[in-house]
Amino acid sequence: ISLHQSEDTVEKDSPQENGIIQTSQYSSISPPASPVAQEEPFSTYFEEKVPVPEDVNQIFSFRKLWAFTGPGFLMSIAYLDPGNIESDLQSGAKAGFKLLWVLLGATIIGLLLQRLAARLGVVTGMHLAEVCNRQYPTVPRIILWLMVELAIIGSDMQEVIGCAIALNLLSVGRIPLWAGVLITIVDTFVFLFLDKYGLRKLEAFFGFLITIMAVSFGYEYVLVSPNQGEVLKGMFIPYCEGCGAVQLEQAVGIVGAVIMPHNIYLHSALVKSRQIDRGNKKEVKEANKYYFIESTIALFVSFLINVFVVAVFAEAFYMKTNMQVSAECNATGSPHTDLFPPDNNTLEVDIYKGGVVLGCFFGPAALYIWAIGILAAGQSSTMTGTYSGQFVMEGFLNLRWSRFARVLLTRSIAITPTLLVAIFQDVQHLTGMNDFLNVLQSMQLPFALIPILTFTSLKSIMNDFANGLAWKISGGGVILMVCAINMYFVVVYVTTLNSVLLYVLAALLSIAYLSFVGYLVSLNISCMDRPLVLSSLLSPFPRAPDTFLIVA
């Protein structure tokens, strides 16, 4: 990327010019003005900005924390989607309490990555997709967009399927899957327009859904009463006694389910909803602090809810056989006894079977409350997934469509494959897709982690808030670990397919995947070496009105 400027001079004390805010103390970055005339505000979710209290001089203020509360909780919903819930219950049923430390570690890593995403949005005033649009040449930018869209589609399929299964359980099978998918589409459209009535009302609605999840899964936790000593031991002792390939695969699945690529893009966008003067270093620093506190609280809540699910299935169903479950369901008159063959194989559960076995062992109330929790998880994560899709398309493609058109397009891209799957699959087999979808999303993680680590490390973009050496090294280590986990997950999944053709196809796709990851890494290393060239649009220096960007 090369930059050609005219020789026009720009006054240094100009308060704002071409989207670059300048103050005598601090230079900050805001989105460059579009060459296209601004007919109407181009926004989703940001049609109002939440004001932040000013005359507060304390080191910590609950009033300010409350003003910044919202984006972190919306972000945390991705840690509670049906894919995560299914991973939790399988972890409990297959490994007992032994993998809770993996869940804790993955959540902490997720928090640190979300911190980077929030800082990028606060400091630059742009979300990750917008920065990628300005930093990358056309071809890698389009490929990157397609990879993120794949992750969103995979996540959305899990979320919508979760809603459809919950509706099927609540209606005792009267609502088929395809009808549940259609209901989810309609109510998602309705709920998405709640922000028309106020951003804080929308955030309160998401808070209500999280509360429903906490109460529902908390009820199951109290009902089952797991051994608290075993819970704490599994959470803080990083050891898995007697674990084998099944437990290792489950541990890898936990990491893939918790850390989601599109959530990095989402969080970097959500933090733009507060009134922050990015020309004031103190305000930017303060916003980063409160957003980190809020994200920590939100992810702590999501971690507790995930622990509830793991502990319930670890206490009640670890090492249970199909024979035992079938006998219990027969004794209670459950209509779903055909789900569990009368053999001595270890019980395998998913979201649907999980609700059924809870109903068999703890009564119908446990089944319906479980379904309500899954419905809240699926509905809330479907809505945030749609927001992610809008931000990603707007940022990467610079779309300037009406609000309804953008929502319709992003919803259609994600929902069409889900509806087809729901029509041609029955509820007993549908959740078996969860492993495939977790693999799909896990493979897209480098396409969020590499850009976010690179951009937050560039002083030409982040100014005084650029990552230090420790963050760069640890971030690079996380990316390498994630790529290794991805390759292991893919190998394990592909070897279960028992098809030479699929082996060859997987090998070719893996070569292409690793080649693009390598290219992206080299491209970002060149960004690190030449930050002022690649970051010219984001440079905290004024530029003349007739600046042109030439992309080779």
Side-chain angles (χ1 to χ4, degrees), residues 29 75 79 101-124 127-128 131-132 135-136 140 144 147-148 236 238 251-252 254-256 258-265 267-268 271 284-285 288-289 291-293 295-296 299 303 441-489 513-535 538 540:
I29 306 151
M75 167 273 296
Y79 291 71
W101 63 273
V102 178
L103 177 63
L104 176 61
T107 304
I108 292 172
I109 292 173
L111 173 63
L112 298 179
L113 295 173
Q114 299 300 159
R115 173 184 179 269
L116 295 181
R119 286 169 71 87
L120 180 72
V122 169
V123 174
T124 67
H127 57 74
L128 181 55
V131 179
C132 289
Q135 294 294 91
Y136 291 136
L144 201 60
M147 294 299 100
V148 179
F236 295 109
V252 171
I254 290 172
V255 177
V258 168
I259 305 173
M260 304 181 110
H262 64 279
N263 211 34
I264 307 292
Y265 288 87
H267 198 197
S268 66
V271 296
V284 173
K285 186 175 181 179
N288 284 330
K289 178 181 76 174
Y291 273 134
F292 182 64
I293 294 172
S295 297
T296 303
L299 289 188
F303 173 70
Q441 293 172 84
S442 185
M443 289 189 66
Q444 312 311 317
L445 267 174
F447 307 127
L449 302 189
I450 294 173
I452 195 66
L453 179 63
T454 301
F455 298 147
T456 53
S457 298
L458 290 173
K459 287 190 72 68
S460 55
I461 291 180
M462 298 295 288
N463 211 314
D464 295 338
F465 297 96
N467 295 330
L469 182 61
W471 271 97
K472 294 175 185 176
I473 294 174
S474 59
V478 168
I479 291 172
L480 288 175
M481 180 189 74
V482 166
C483 287
I485 288 174
N486 287 345
M487 289 299 99
Y488 174 82
F489 211 170
Y513 169 81
L514 291 174
S515 299
F516 183 67
V517 170
Y519 170 75
L520 197 61
V521 169
S522 66
L523 187 64
N524 282 275
I525 289 175
S526 69
C527 280
M528 305 292 284
D529 292 337
R530 300 181 292 116
L532 291 177
V533 176
L534 282 173
S535 306
L538 301 177

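None of the values given here were measured: they were computed from a predicted structure. Note: hydrogens, waters and symmetry copies are ignored here, and every other heavy atom, side chains too, is used.
With hydrogens and angles disregarded, no donor-acceptor distance shorter than 3.5 Å links the side chain of Arg119 to the backbone of Thr456.
Nearest approach of Tyr265 to Pro261, heavy atoms of both residues: CD1-O, 3.5 Å. Contact detail for Leu523 and Pro140: the closest heavy-atom pair is CD2-CG, 4.3 Å. Here the closest non-hydrogen pair linking Ala117 and Ile264 is CB-O, 3.4 Å. Taking each heavy atom of Thr124 and Met462 in turn, the nearest pair found is CG2-SD, 4.3 Å. Shortest non-hydrogen contact noted between Asn288 and Ala118 is OD1-O, 4.4 Å. Considering all non-hydrogen atoms of both residues, Leu453 and Lys472 come closest at CD2-O, 4.1 Å.
Remark: Phe447 engages Tyr513, Phe516 in a ring-ring contact (aromatic ring centres under 6.0 Å, His included) (not counting sequence neighbours).
The CG atom of Leu445 sits 9.0 Å away from the CE atom of Met260 when rounded to the nearest 0.5 Å. The CG atom of Leu120 lies 10.0 Å from the CG atom of Leu458; values are rounded to the nearest 0.5 Å.
Between Leu128 and Pro451, some side-chain heavy-atom pair lies under the 4.5 Å cut-off. Side-chain contact between Cys132 and Leu144 is present, with heavy atoms from C-beta onward closer than 4.5 Å. Ser295 is not listed as a side-chain neighbour of Arg115, based on a closest heavy-atom distance of 4.5 Å or more.
Each of Ile461, Ile450, Asn467 was scored for a side-chain contact (heavy atoms from CB on, under 4.5 Å) with Phe455, with one residue passing: Ile461.
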Validation: residues 106-114 side-chain donor-acceptor distances under 3.5 Å, sequence neighbours left out:
| from | atom 1 | to | atom 2 | distance (Å) |
| --- | --- | --- | --- | --- |
| Thr107 | OG1 | Leu103 | O | 2.8 |
| Gln114 | OE1 | Tyr79 | OH | 3.3 |
| Gln114 | OE1 | Asn263 | ND2 | 3.2 |
| Gln114 | NE2 | His267 | ND1 | 3.2 |

